[in-house]
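Shown next, in structure tokens, is the structure this report addresses.
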Amino acid sequence: KAGVTQTPRYLIKTRGQQVTLSCSPISGHRSVSWYQQTPGQGLQFLFEYFSETQRNKGNFPGRFSGRQFSNSRSEMNVSTLELGDSALYLCASSSGSRARLNYGYTFGSGTRLTVV
Amino acid sequence: GEDVEQSLFLSVREGDSSVINCTYTDSSSTYLYWYKQEPGAGLQLLTYIFSNMDMKQDQRLTVLLNKKDKHLSLRIADTQTGDSAIYFCAESNLRQAGTALIFGKGTTLSVSS
């Protein structure tokens, strides 16, 4: 079955602009999580969506937001971009069932965002 | 608070065993995972262990969990050059309403022939 698809793969934006990233989870998966990966901070959890509702949120400013659609596809938005937002943004898909954490999370290849 | 720590680098020769170590602080962690990341790629789930297990073996991979010391290790037998990558340890717990993975900073494994 198809894996997790993230678009676009690469993005260059100017400071102050906003950006929207997209993630299509594995078919049948209802949970989508977003992570930011930077050389300095490593992998940090942004938020998780399950059945169109934000179920968990990391410690990021309100400029970072997301949503999930009825088909489980998710978008992440960053407004008023800062240079420090340059990172690899990874999306992870899972069944969302707390009883099935052993199935793990399947990650997409990520979107590389560069803010100039 | 939650924290996961790993050593940053490991260098081995092809054919040797590699052992990557990880410590975590959250005693309520339920599942612990090992992910692999190759250059330019996302994260690939290698294996996981449930917190009530001590050991899990999966082909060349052996995971050991010492819950008392909150120490997790990944052993790769007969390491190959294709195993060169960054390896991340991650924990997941059910304390929160949703789920989130807490990652270590990753261990870069370099395999020389």
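Throughout, protein chains are lettered first and strands after them, A, B, ... in sequence-line order, and every chain is numbered starting at 1. We use all heavy atoms of the structure for the numbers below, so side chains are in, but hydrogens, waters and symmetry mates are not.
Residue A:Leu90 touches chain B through its side chain alone, counting heavy-atom pairs closer than 4.5 Å. The part of A:Gln37 that comes within reach of chain B is its side chain, from C-beta onward, which places non-hydrogen atoms under 4.5 angstrom from that chain. In this structure, chain B has no heavy atom under 4.5 Å from any part of A:Phe47. Neither the backbone nor the side chain of B:Gln44 comes within contact range of chain A, judged by heavy atoms closer than 4.5 Å. Heavy-atom distances place no part of A:Arg112 under 4.5 Å from chain B, backbone and side chain included.
A:Leu43 is not listed as a side-chain neighbour of B:Gln37, based on a closest heavy-atom distance of 4.5 Å or more. Looking only at side-chain heavy atoms (C-beta outward), A:Tyr35 and B:Leu101 come within less than 4.5 Å of each other.
For B:Phe103 and A:Phe45, the ring centers sit 6.0 Å or farther from each other. Aromatic ring centroids of A:Tyr105 and B:Tyr35 lie 6.0 Å or more apart.
Around the CG atom of B:Asn52, the shell of radius 6.0 Å holds more than 12 heavy atoms that belong to other residues, nucleotides or ligands. By the 6.0 Å contact criterion, CZ on A:Arg15 is open, its count of non-hydrogen atoms from other residues, nucleotides or ligands being 12 or less. Under a cut-off of 6.0 angstrom, the local environment of CD1 in A:Ile12 is sparse, with at most 12 non-hydrogen atoms contributed by other residues, nucleotides or ligands.
Side-chain heavy atoms closer than 4.5 Å link hydrophobic residues (I, L, V, M, F, W, Y) into clusters, and following such links, even through other members, never connects A:Val4 to A:Phe69. A continuous path of hydrophobic side-chain contacts links A:Leu83 to A:Leu11 [ILVMFWY only; heavy atoms under 4.5 Å]. In this structure, A:Phe50 is not a member of the same hydrophobic cluster as A:Phe64, with clusters built from ILVMFWY side-chain heavy atoms closer than 4.5 Å. In this structure, A:Phe107 is not a member of the same hydrophobic cluster as A:Leu113, with clusters built from ILVMFWY side-chain heavy atoms closer than 4.5 Å.
With rounding to the nearest 0.5 angstrom, the OG atom of A:Ser109 is 10.0 Å from the CG atom of B:Leu43.
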